[in-house]
2 protein chains.
Amino acid sequence: MSTRTDAGVGSQSEPARVDLLGYKNIVILTDGASRSSSAKTATGLLRYRQQDIAAVLDRSEKGTTTGQLFGVGGDIPVVGSVAEAPDADALFIGIAPAGGKLPEAWKPIMLEAISSGVDIVSGLHDFLVNDGQLVAAASQHEAKLIDVRRNREHTVAGHATFPANNLRIHTVGHDCSVGKMVVSLELANELQQRGANARFLATGQTGIMIGGDGVPVDCVVADFVSGAVEQLLLRNTDAEIMLIEGQGSLSHPSFSGVTLGLLHGCAPQGLVLCYEAGRTAVKELAHVPLKPLDELVRLYETVGSLRYPCRVIGVAINGRKLDDAALDEEVGRVQDELGLPACDVYRHGAGVLADAVEKFRAEVIG
Amino acid sequence: MSTRTDAGVGSQSEPARVDLLGYKNIVILTDGASRSSSAKTATGLLRYRQQDIAAVLDRSEKGTTTGQLFGVGGDIPVVGSVAEAPDADALFIGIAPAGGKLPEAWKPIMLEAISSGVDIVSGLHDFLVNDGQLVAAASQHEAKLIDVRRNREHTVAGHATFPANNLRIHTVGHDCSVGKMVVSLELANELQQRGANARFLATGQTGIMIGGDGVPVDCVVADFVSGAVEQLLLRNTDAEIMLIEGQGSLSHPSFSGVTLGLLHGCAPQGLVLCYEAGRTAVKELAHVPLKPLDELVRLYETVGSLRYPCRVIGVAINGRKLDDAALDEEVGRVQDELGLPACDVYRHGAGVLADAVEKFRAEVIG
């Protein structure tokens with residue numbers, strides 16, 4: 001533990017904060033990987049920034065549309081080169097593979113984009129700025145190389161007091177990869193459509209590409225996770241409702257520390273519990289059973305309230321394993337068992353959870 | 001969350017593990033800082049590795065003994081140069097200042113040591129290996145530069161199963177800086193004296209310098225904290241009783257994530273709760289009251305048991321603010337209130353807690 005101001009992981013200075021929402025003609029690069037599960041970054045961008053996407057670049061799928069290829073994005077074209085999207089302002093790397101490596105075959109495509117002055121945005125662990133060839137080309141053509149996951153956060157959390165009219169809603173879960181980002185985004189969008197000053201705050205690389213501001217918490221040095229999240233909130237206090245993306249689970253044996261650093265860093269009043277119906281074991285740890293929902297509700301409320309009083313106000317069900325009838329049954333079962341409103345935001349929309357947020361807001365803020 | 005194998009914080013390879021316990025003629029450098037609170041690294045080394053310490057180097061205190069200067073270490077001399085300790089095999093940086101900066105005035109002393117082939121060991125955030133002048137000199141004279149806090153851990157915890165005869169005892173606390181390292185060390189020493197195969201495992205820089213093996217958890221990238229600790233235990237399973245140094249507190253608003261990553265990484269069966277009597281607010285956060293002990297016992301047992309069933313088996317009181325009568329009263333009060341054995345390991349020795357560990361061991365391992 002320390003109050004130091006340097007994480008001691010290198011000598012490069014903090015990357016400048018870049019306005020990722022300023023890009024309005026994005027080409028998403030998924031060349032040869034559009035049909036892999038790692039293309040979830042592309043899918044997320046197409047779903048939540050459709051208006052800013054000019055094209056997807058995949059030579060092997062050229063000529064189709066994103067609607068046909070990904071089931072989202074409508075008539076946005078799939079192209080075979082950056083030149084086919086002449087107004088492009090950025091090339092976003094559209095995959096998030098385990099290992100985080102940049103496919104070597106993508107280098108010529110990236111160099112072509114850079115030579116047209118197009119910025120490159122990446123959430124991979126292989127940092128663009130560590131590639132001498134890309135750095136030299138970007139310098140020559142005045143293009144930016146933006147590594148969303150590159151991070152030198154070095155602020156220790158100071159138990160900040162947030163403005164009295166800030167409502168902080170945080171998605172938590174029974175496991176990784178159950179849809180916390182999607183629930184936070186859908187809730188932010190629904191509340192905005194209802195006229196609220198609501199804002200999504202990202203804590204992972206895809207969320208940052210979609211939402212523009214965030215902290216890649218899994219890449220922050222341990223002592224500074226809560227501090228990095230606290231700083232994220234402090235620069236967004238003009239939003240009256242913050243929807244803060246969750247990570248992992250307090251009961252996940254590998255990532256619980258990240259989850260707790262984030263939970264205490266964002267000091268939420270309200271929690272939305274996210275889970276996938278039918279999942280019984282921790283992701284990638286088949287021998288570790290998941291905890292029951294009622295135990296998780298008590299756990300998150302107890303541990304979260306150590307920082308600021310909080311409670312679970314709703315449940316987001318990921319129903320991808322269920323047909324409509326089974327999902328209806330699951331919603332009823334969860335509502336009865338936990339006494340909380342529940343829905344699947346993809347299948348039902350986020351209305352039920354937005355109602356819960358508005359009711360909770362009236363109660364705790366007035 | 002990820003299963004990646006690179007933290008993405010640079011390109012240097014993992015530093016080789018060095019046997020710090022191999023040094024038997026250590027000079028501790030505290031030049032001009034012996035009387036500051038940051039000299040706690042020196043004090044810890046003098047207390048727990050007295051037989052390996054040849055001298056302390058402080059030009060302003062030259063001629064005295066460590067017993068006189070620090071109240072520990074007996075007749076070990078305080079010298080004015082490395083040359084006065086001709087058999088020296090290593091120079092250990094004896095301070096742990098907030099900010100972690102290396103005093104510029106120490107460079108000539110370090111260069112003198114290096115020129116005699118003496119290795120340098122540092123727990124500061126300013127890494128020795130980032131200083132070109134030190135690196136060049138070390139290369140020329142075949143001396144090693146060892147940064148205890150330099151760390152490239154990149155293993156995700158896998159919910160490991162430990163051998164059935166491994167007893168894992170972890171110190172936890174109500175706050176930072178209450179003596180978790182000291183309690184773990186005193187317990188390991190007491191159990192060894194009773195003939196047990198007990199081992200201290202460090203999680204901070206001073207503990208690593210004293211104990212030889214450990215992980216500087218506060219410098220590990222968030223996703224890998226539990227994994228780094230799990231690896232530490234897996235390479236020490238030949239010890240029948242592991243005493244794992246704790247960090248921070250589950251209720252500390254800045255460092256709780258580190259505490260939980262460590263707690264779940266080491267999967268203890270038994271916890272020793274450490275606290276300082278009379279402390280009422282979180283260290284350096286005067287506006288944040290500390291939680292009551294009974295609440296902390298429930299909290300650590302509930303959250304710790306998510307990974308492996310555990311319970312608090314004893315309480316270590318840091319009584320530095322109390323006189324003997326007040327400390328006796330505190331021991332009685334805590335034993336009554338929590339139903340757990342309690343003592344101050346400095347004032348009473350670790351016998352009471354070692355008894356608790358042996359009783360617990362008979363119960364859970366047999």
Between R168(B) (side chain) and A267(B) (backbone), is there a donor-acceptor pair under 3.5 Å?
yes
What pair of heavy atoms forms the shortest contact from L124(B) to R149(B), and how long is it?
O-CB, 4.1 Å
The test is side chain to side chain donor-acceptor pair (under 3.5 Å); show your working for K180(A) and Q247(A) and say whether it passes.
CA-CA 7 Å; K180(A) 300 177 205 86; Q247(A) 296 289 341; over 6 Å; no
For residues N151(B) and P216(B), report the shortest heavy-atom separation together with the two atoms involved.
ND2-CD, 3.7 Å
Pick from S177(A), A222(A), G204(A) with the largest number of heavy-atom pairs that fall under 4.5 Å of chain B
A222(A)
Leading residue by heavy atom contact count with chain A [cutoff under 4.5 Å; candidates L262(B), V282(B), L263(B), V220(B)]
V220(B)
Given S226(A), S256(A), S251(A), G261(A), the one with more heavy-atom pairs under 4.5 angstrom with chain B than any other is S256(A)
In terms of heavy-atom contacts, does CZ of F162(A) have more than 12 from other residues, nucleotides or ligands at under 6.0 Å?
yes
Going by side-chain contact (heavy atoms from CB on, under 4.5 Å), V258(B) matches just one of D223(A), V225(A), V221(A). Which one?
D223(A)
Report which part of V288(A) has an atom under 4.5 Å of a heavy atom belonging to chain B: side chain, backbone, both, or neither.
side chain
Most contact-rich option vs chain B, by heavy-atom pairs under 4.5 angstrom, among T302(A), V303(A), L299(A), is L299(A)
Cut-off 4.5 Å, heavy atoms of chain B, and the answer for E295(A) is side chain
Residue pair A39(B) / I95(B): nearest heavy atoms and the distance that separates them
CA-CG2, 4.2 Å
Below 4.5 Å, heavy-atom pairs only: which of K283(A), H252(A), K291(A) has the largest tally toward chain B?
K291(A)
Side chain from CB out, backbone as N, CA, C, O: work out which of these in L250(A) comes under 4.5 Å of a heavy atom of chain B, or both, or neither.
both
Most heavy-atom pairs under 4.5 angstrom with chain B, which of H264(A), H159(A), H287(A)?
H159(A)
